Amino acid sequence: MSFRTNRFGGAELVPFPRRTPSATASEPLLPVLIVLHQESSTPGRVGNALRALGHRLDIRRPRFGDPLPDTLDRHAGAVMFGGPMSANDSDDYIRREIDWIEIPLREQRPFLGICLGAQMLAMQLGARVAPHAQALTQIGYYPIRPTQAGHALCPDWPAQVYHWHREGFQLPRGAELLAEGDDFPIQAFRTGNAFGVQFHPDVTYAMMHCWTTRGYDGLSAPGARERHHHFADRAIYDAAERAWLDHFIDGWLARRPVLAQAAE
């Protein structure tokens, strides 16, 4: 059964709140659900940021049989990561993951989709996911431009961010555009407490070595940056991207369901 919907947008855009030390220290923090797509995948820098805030990671790999929860009542939020597959693939686990995203949307829990995860979120919300019309890719560092809404939500966006993808997506109906780009215009968006980013703030230095070695064939694709540019550009842009991620993750997890706030 498919739960694709666009009923969960439209919440007022306010800057990310900051959690106070007393609030996090006085009560145990719920784990964050981590959805990965390969046996060797890790949550990388996103996982590091979550652990630094005191959260445990509940890692699931639905592709290899791990179930996803029926509710996020026992989780602080959920992050769905990238992978070499497509949101358009017909595999059962792809369909199940896209349908499962209805749960954090309905419960208004913090959800973050990264690359493939963002494409799955867009598809759940009824948007089209497809390759570039001229078969271009983004593999390496590319500029992004935060919108006025993106600046209002989270300041100090990096000038360029790391990408590794062949497909992009439309802005879902009712969603708010947070950052845009050139060849792939939709780079970040939100609907309610759910966010999607086309780029990869999760990539560590070790992950970059792995991706550019195992995925070396992709570096010859139209639009892709040569391998040495990945590391040269990282020296320029990574500090800003890492600082932005830490701020983003903290504010993203501090968002609370509107219904829960109204009931208090």
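Atoms considered below: every heavy atom in the structure, side chains included; atoms not considered: hydrogens, waters and symmetry mates. Remember, it's a predicted structure, so these values are computed and weren't measured experimentally.
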Inset, instruction - Take atom CG of D156 as the centre, draw a 6.0 Å sphere, and report whether it contains more than 12 heavy atoms from other residues, nucleotides or ligands. - result: no
Inset, instruction - Answer yes or no: are there more than 12 heavy-atom neighbours, outside D73 itself, under 6.0 Å from its atom CG? - result: yes
Inset, instruction - Begin with the C-alpha distance, continue with both residues' side-chain angles, and end with the deciding distance and a verdict on side chain to side chain contact (heavy atoms under 4.5 Å, CB included) for F81 and V46. - result: CA-CA 10 Å; F81 285 80; V46 169; 3.9 Å; yes
Legend entry - Side-chain donor-acceptor contact under 3.5 Å, E97 with H37: yes
Inset, instruction - May I ask you to test the R96-L68 pair for a side-chain heavy-atom distance under 4.5 Å? - result: no
Legend entry - All side chain to side chain donor-acceptor pair (under 3.5 Å) counterparts of R214, not counting sequence neighbours: none
Legend entry - I103 versus P69, closest heavy-atom pair with distance: CD1-O, 3.6 Å
Inset, instruction - Measure the shortest side-chain to side-chain distance between H75 and H55 over non-hydrogen atoms and say whether it is less than 4.5 angstrom. - result: no
Inset, instruction - Please report the closest heavy-atom contact between P67 and R60, naming both atoms and the distance. - result: O-NH1, 2.5 Å
Inset, instruction - Decide whether L116 and L33 are clustered together by the hydrophobic rule: side chain heavy atoms of Ile, Leu, Val, Met, Phe, Trp, Tyr closer than 4.5 Å, transitively. - result: yes
Legend entry - Distance, nearest 0.5 Å, that separates NE2 of H229 from CG of L219: 11.0 Å
Inset, instruction - For side chain to side chain contact (heavy atoms under 4.5 Å, CB included), just list the numbers for N88 and E167, CA-CA rounded to whole Å, side-chain angles, deciding distance to a tenth of an Å, and then say yes or no. - result: CA-CA 10 Å; N88 290 305; E167 293 184 302; 3.3 Å; yes
Inset, instruction - Is it possible for you to say whether L253 and I59 belong to one hydrophobic cluster, with membership spreading through side-chain heavy-atom contacts below 4.5 Å? - result: yes
Inset, instruction - Could you tell me whether the side chain of H247 reaches within less than 4.5 Å of the side chain of P155, counting heavy atoms only? - result: yes
Inset, instruction - Give, for atom CZ of F199 and atom CD of Q138, the distance between the pair rounded to the nearest 0.5 Å. - result: 11.0 Å
Legend entry - Positive for ring-ring contact (aromatic ring centres under 6.0 Å, His included) with H200, one of Y162, W164, W211: W211
Legend entry - Validation row, ring centre F184 to ring centre H163 under 6.0 Å: no
Inset, instruction - Would you please classify the geometry between the W100 ring and the F111 ring as parallel, tilted or perpendicular, with 30° and 60° separating the classes? - result: tilted
Inset, instruction - Any chance you could measure L178, atom CG, to F248, atom CZ, to the nearest 0.5 Å? - result: 7.5 Å
Inset, instruction - State whether R56 and D58 are salt-bridged, where the test is any N-O pair (Lys NZ or Arg NE/NH1/NH2 against Asp/Glu carboxylate O) under 4.0 Å. - result: no
Inset, instruction - Would you check if D183 and Y142 make a side-chain contact, meaning some heavy-atom pair closer than 4.5 Å? - result: no
Legend entry - Qualifying residues under side chain to side chain contact (heavy atoms under 4.5 Å, CB included), relative to R234, sequence neighbours excluded: R45, Y141, V203, Y205, M208, D238
Legend entry - Partner of W244 under ring-ring contact (aromatic ring centres under 6.0 Å, His included), chosen from Y237, W157, W252: W157
